[in-house]
Amino acid sequence: MTRSGNEAISDAEERSKETAGLNVPAVGDLPLPTDTANLREGPDLHPGLLALLPMVGVWEGTGEGFNPLTGDDYQFGQQIIVSHDGGNYLVWQSRSWIIDGEGAYVRPDLRESGFWRISDDDEIELCLTHAEGSIELYYGRPLNQTSWNVTTDVTIRTETGAHTGGAKRLYGLVPDGDLAYVEERVDTDGDLTPRLSAKLRRVIG
């Protein structure tokens with residue numbers, strides 16, 4: 001059944017009552033502003049990041065992936081932490097794990113960390129480092145106030161790193177307030193093919 005826009009907004013408001021008082025824990029006692037994934041707490045968001053503001057938070061959910069080495073589809077769980085410390089960048093941390101048909105944990109999957117930046121003319125820069133042994137630089141632009149499109153410009157891998165082609169990612173907040181995304185990646189034939197997609201619920205922020 002299709003939900004109305006008013007129902008989605010109401011659901012998001014109710015959910016925010018549960019997540020608004022939560023934040024990522026601080027580690028240590030440093031003479032610096034603490035990273036926060038909750039816009040209600042900690043330092044003010046840098047004004048240069050307003051076009052990326054809706055992403056700030058902690059997001060968890062499930063998705064579907066395609067393993068290019070085996071040719072198999074699989075399901076995964078994922079947590080994404082998007083935080084800031086008042087600087088002109090967002091801190092990005094993503095962890096995923098393979099799950100079975102019942103949603104039970106099987107083994108670790110992909111892990112990445114990096115930074116989102118955006119210029120005065122709204123050009124997005126996304127720098128990512130992957131645990132599998134590669135570094136990627138994406139460029140893109142906001143499509144509107146709640147969706148963002150980025151494409152790789154440079155991909156570098158270590159000697160032992162997994163070979164990966166260029167990629168394109170589309171992130172957006174859907175009507176119920178969840179964060180959804182799709183990643184397409186260039187395969188060995190040079191074609192852009194689906195690699196990952198997920199829908200994640202805000203749990204902090």
Side-chain angles (χ1 to χ4, degrees), residues 5 8-28 30 32-63 76-96 110-130 136-151 167-183 196-205:
I9 291 171
S10 177
D11 180 65
E13 289 176 346
E14 283 299 314
R15 192 187 311 173
S16 72
K17 294 177 182 177
E18 302 173 4
T19 64
L22 304 175
N23 206 347
V24 291
V27 179
L30 303 179
L32 295 166
T34 302
D35 281 359
T36 178
N38 189 330
L39 294 171
R40 302 169 184 83
E41 300 180 8
D44 292 336
L45 186 73
H46 191 284
L49 298 173
L50 292 179
L52 301 174
L53 178 152
M55 277 197 289
V56 176
V58 178
W59 308 85
E60 294 179 357
T62 59
F76 63 88
Q78 186 172 26
Q79 179 192 72
I80 293 177
I81 301 174
V82 186
S83 60
H84 76 96
D85 62 2
N88 196 9
Y89 51 85
L90 295 181
V91 182
W92 176 269
Q93 300 175 72
S94 171
R95 302 181 74 175
S96 64
L110 305 174
R111 186 168 186 173
E112 63 186 32
S113 62
F115 300 92
W116 289 72
R117 296 161 48 85
I118 188 165
S119 68
D120 292 339
D121 62 353
D122 280 350
E123 182 173 50
I124 295 170
E125 303 170 351
L126 173 59
C127 307
L128 290 180
T129 301
H130 300 268
E136 294 180 321
L137 174 59
Y138 290 76
Y139 285 104
R141 302 190 73 83
L143 298 179
N144 53 46
Q145 292 181 331
T146 57
S147 63
W148 309 268
N149 190 42
V150 292
T151 304
K168 183 176 183 179
R169 293 184 179 186
L170 173 62
Y171 293 92
L173 267 61
V174 293
D176 63 4
D178 287 353
L179 177 67
Y181 75 88
V182 175
E183 178 189 283
L196 302 168
S197 63
K199 188 169 182 283
L200 311 175
R201 182 184 181 96
R202 183 189 294 275
V203 296
I204 290 178

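These numbers come from a predicted model, not from an experiment. Heavy-atom basis, side chains included; hydrogens, waters and symmetry copies ignored.
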(Q) I need the single residue from Q93, R95, H130 that forms a side-chain contact (heavy atoms from CB on, under 4.5 Å) with R111. Which is it? (A) R95
Q: Under the side chain to side chain donor-acceptor pair (under 3.5 Å) rule, what do Y181 and E183 come out as? Steps first, then yes or no, please.
A: CA-CA 7 Å; Y181 75 88; E183 178 189 283; over 6 Å; no
Q: Could you check if a side-chain atom of V82 sits within less than 4.5 angstrom of a side-chain atom of L179, using non-hydrogen atoms only?
A: no
**Q.** Any E136 side-chain heavy atom under 4.5 Å of L126 side chain
**A.** no
(Q) Does any part of the side chain of P142, heavy atoms only, come nearer than 4.5 Å to the side chain of I118, both counted from C-beta? (A) yes
(Q) So, taking the atom named OG1 in T146 and the one named CE in M55, what distance separates them when rounded to the nearest 0.5 Å? (A) 11.0 Å
Q) Sub-3.5 Å donor-acceptor pair from the side chain of N23 to the main-chain atoms of A37, do we have one? A) yes
Q | L110 backbone acceptor or donor facing S96 side chain under 3.5 Å | A | yes
Q: In sequence, state the C-alpha distance, the side-chain angles, and the governing distance for R117 and N88, and then conclude on side chain to side chain contact (heavy atoms under 4.5 Å, CB included).
A: CA-CA 7 Å; R117 296 161 48 85; N88 196 9; 5.7 Å; no
Q: Begin from the C-alpha positions of W59 and V203 and carry the test side chain to side chain contact (heavy atoms under 4.5 Å, CB included) through to its verdict.
A: CA-CA 6 Å; W59 308 85; V203 296; over 6 Å; no
Q: For atom CG of D44, decide whether the heavy atoms of other residues, nucleotides or ligands shown that lie under 6.0 angstrom number more than 12.
A: no
**Q.** Partner set under side-chain hydrogen bond (donor to acceptor under 3.5 Å, both in side chains) for D122, not counting sequence neighbours
**A.** none
Q) Nearest heavy-atom pair of T36 and P43: which atoms, and what distance? A) CG2-CD, 4.0 Å
Q) Would a distance-only check, ignoring hydrogens and angles, find a side-chain to backbone donor-acceptor pair under 3.5 Å from W148 to A51? A) yes
Q) Which heavy atom of G177 sits nearest a heavy atom of L173, and at what distance? A) O-CG, 4.2 Å
Q. What distance do L170 atom CG and T151 atom OG1 have between them, rounded to the nearest 0.5 Å?
A. 10.0 Å
(Q) Testing the basics here: between R40 and G205, what is the closest heavy-atom pair and its distance to 0.1 Å? (A) NH1-C, 3.3 Å
Q: Hey, can you tell me if W92 and W116 have their rings parallel, tilted or perpendicular (30° and 60° cut-offs)?
A: tilted
Q: Could you tell me which residues satisfy side-chain contact (heavy atoms from CB on, under 4.5 Å) with Y139, sequence neighbours excluded, listed by chain and number?
A: E123, E125, L137, D153
Q.
Once rounded to the nearest 0.5 Å, what's the spacing between atom CD1 of I204 and atom CD1 of I81?
A. 7.0 Å
Q. How far does OH of Y171 sit from CD1 of I124, to the nearest 0.5 angstrom?
A. 11.0 Å
Q) After noting the C-alpha distance and the side-chain angles of D85 and L32, does the key distance pass the side chain to side chain contact (heavy atoms under 4.5 Å, CB included) rule? A) CA-CA 8 Å; D85 62 2; L32 295 166; over 6 Å; no
Q. Any donor and acceptor pair, going by atom type alone, linking the side chain of R202 with main-chain N or O of V56 inside 3.5 Å?
A. yes
Q.
Show the nearest heavy-atom pair for residues G86 and H46, with the distance to one decimal.
A. O-CB, 3.6 Å
Q. For the atom pair OG (S83) and CG (L90), what is the distance rounded to the nearest 0.5 Å?
A. 8.0 Å
Q. Which value, rounded to the nearest 0.5 Å, describes the distance between T19 atom OG1 and N38 atom CG?
A. 7.5 Å
Q) Any side-chain heavy atom of H84 sitting closer than 4.5 Å to one from L52? A) no
(Q) I'd like to check the side-chain hydrogen bond (donor to acceptor under 3.5 Å, both in side chains) partners of S119; sequence neighbours left out, ordered by chain and number. (A) D121
